[in-house]
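For ligands, and for the atoms within them, numbers begin at 1 and follow the listed sequence.
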Amino acid sequence: MKTILITGAAGFIGSSLVREALQRGYRVVAVDKLTYAGNLTSLKEVADHPHFEFERADICDGEKIRSLLKQYEPGGILHLAAESHVDRSIDGPEAFIVTNIQGTFSMLEAVRSYLESCEISARSDFRFVHVSTDEVYGDLPDKEAFFTEETAYNPSSPYAATKASSDHLVRAWFRSFNTPVLITNCSNNYGARQFPEKLIPHIILSALAGKPLSVYGDGNQIRDWLYVDDHATALMTVLEKGSIGETYNIGGQNEKKNIEVVRSICSLLEELAPEQKKGELSRYEDLITFVKDRPGHDVRYAIDASKIKRELGWVPLETFETGLEKTVSWYLNHHQWWEDVLSGEYRLNRKGLGE
Ligand code: NAD
């Protein structure tokens with residue numbers, strides 16, 4: 001059985017990836033610092049799986065990462081740990097510099113020294129998949145254009161700039177040290193267990209609470225959306241079939257304006273939870289409020305994911321409509337998960353893990 005190590009495993013995408021990897025028969029070492037974004041409840045259903053291990057560790061702690069690699073001898077790493085929220089990166093960029101840049105540097109150095117100690121056969125099978133974002137490409141002023149793997153980087157937010165920096169480091173380690181890396185750049189993810197600060201869960205939970213649904217600017221910013229479990233299958237496909245040194249764009253071909261996304265959530269809630277409207281509210285849509293735009297807000301992202309489809313045979317299973325319905329239903333049926341996040345209760349089950 002192959003062992004893989006997943007960083008950021010208690011996060012939104014990481015926890016979906018852990019489930020996908022276990023289903024595919026891997027032994028999974030889940031590594032996470034458990035920042036505010038890490039939630040052990042998201043890993044609850046796999047916690048007792050015989051092939052699952054959890055390690056609380058900071059990716060910036062090179063010594064700790066080296067000792068975990070020595071202990072578990074993984075045949076691959078999927079590196080997701082990051083500070084991931086654009087608004088937070090504008091309010092306080094430092095944590096993004098530390099985790100996204102310094103943390104990726106420390107992962108690459110730990111991998112380099114680990115591989116030096118491995119047998120040649122283990123070394124030639126090893127893969128380091130660095131999970132990045134389409135935000136590194138910046139804005140797409142041309143309405144017809146798409147980001148390809150060749151698009152020049154042009155990040156706008158501190159988050160995007162730190163992810164771009166980490167991608168450059170990963171490429172440099174491939175060129176300079178032959179570290180067996182692969183890079184993925186994915187569009188916006190949505191789905192179950194996403195931290196409520198991100199657009200889709202934020203809108204669902206605000207609507208259920210009868211709070212204003214704040215939309216930046218005119219709401220005409222366009223993003224491509226991918227259901228999180230489809231991202232997990234794409235990442236496993238890249239690990240298993242991708243070519244070392246290559247970059248793969250991942251996307252769902254679901255370009256939507258932010259305001260369309262908000263309206264779709266409102267109509268799903270109208271259908272699935274009409275009785276949960278607060279007070280005198282007649283339609284969830286009436287809660288929509290436009291607020292001052294975010295600084296440096298890119299207007300359009302659109303991703304060309306034809307390479308991963310053509311070369312590796314990956315296709316997403318969900319359309320935006322099916323994925324969004326699953327997502328809204330999940331939040332309606334898992335009140336305890338998000339109530340614990342909103343109240344801070346979710347941090348209490350970290351006792352015994354260094355808190
Ligand atoms: P998330 O914020 O939900 O999870 C990040 C996880 O990383 C958390 O569990 C957190 O505790 C952990 N972490 C943070 N700092 C750490 C550190 N120093 N050491 C160890 N663990 C640490 O993020 P997500 O949405 O699941 O994103 C995961 C990755 O995918 C990120 O690298 C992000 O840039 C990338 N990505 C996200 C999206 C998206 O739409 N969410 C799209 C494309 C790419």
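Inspection of the Ser16 and Asp229 side chains reveals an N or O donor paired with an N or O acceptor under 3.5 Å.
Judged by the 6.0 Å and 45° rule, Arg123 forms no cation-pi pair with Tyr114.
Remark: Glu109 does not engage Arg66 in a salt bridge, criterion side-chain N to carboxylate O under 4.0 Å.
Sorted by chain then number, the residues whose non-hydrogen atoms approach ligand 1 to under 4.0 Å are Gly8, Ala10, Gly11, Phe12, Ile13, Asp32, Lys33, Leu34, Thr35, Ala37, Gly38, Ala57, Asp58, Ile59, Leu80, Ala81, Ala82, Ser84, Thr99, Val131, Ser132, Thr133, Tyr159, Lys163, Cys186, Ser187, Asn188, Asn189.
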Could you list the donor-acceptor pairs under 3.5 angstrom formed between side-chain atoms of residues 74-82 and any protein atom two or more places apart in sequence or on another chain?
| unit_1 | atom_1 | unit_2 | atom_2 | d |
| --- | --- | --- | --- | --- |
| His79 | ND1 | Thr7 | OG1 | 2.8 |
| His79 | NE2 | Thr104 | OG1 | 3.1 |

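Residues that satisfy the ring-ring contact (aromatic ring centres under 6.0 Å, His included) test with Phe174, not counting sequence neighbours, are absent from this structure. By the side-chain contact (heavy atoms from CB on, under 4.5 Å) test, Thr35 pairs with Lys33, Ala37, Glu83, sequence neighbours left out.
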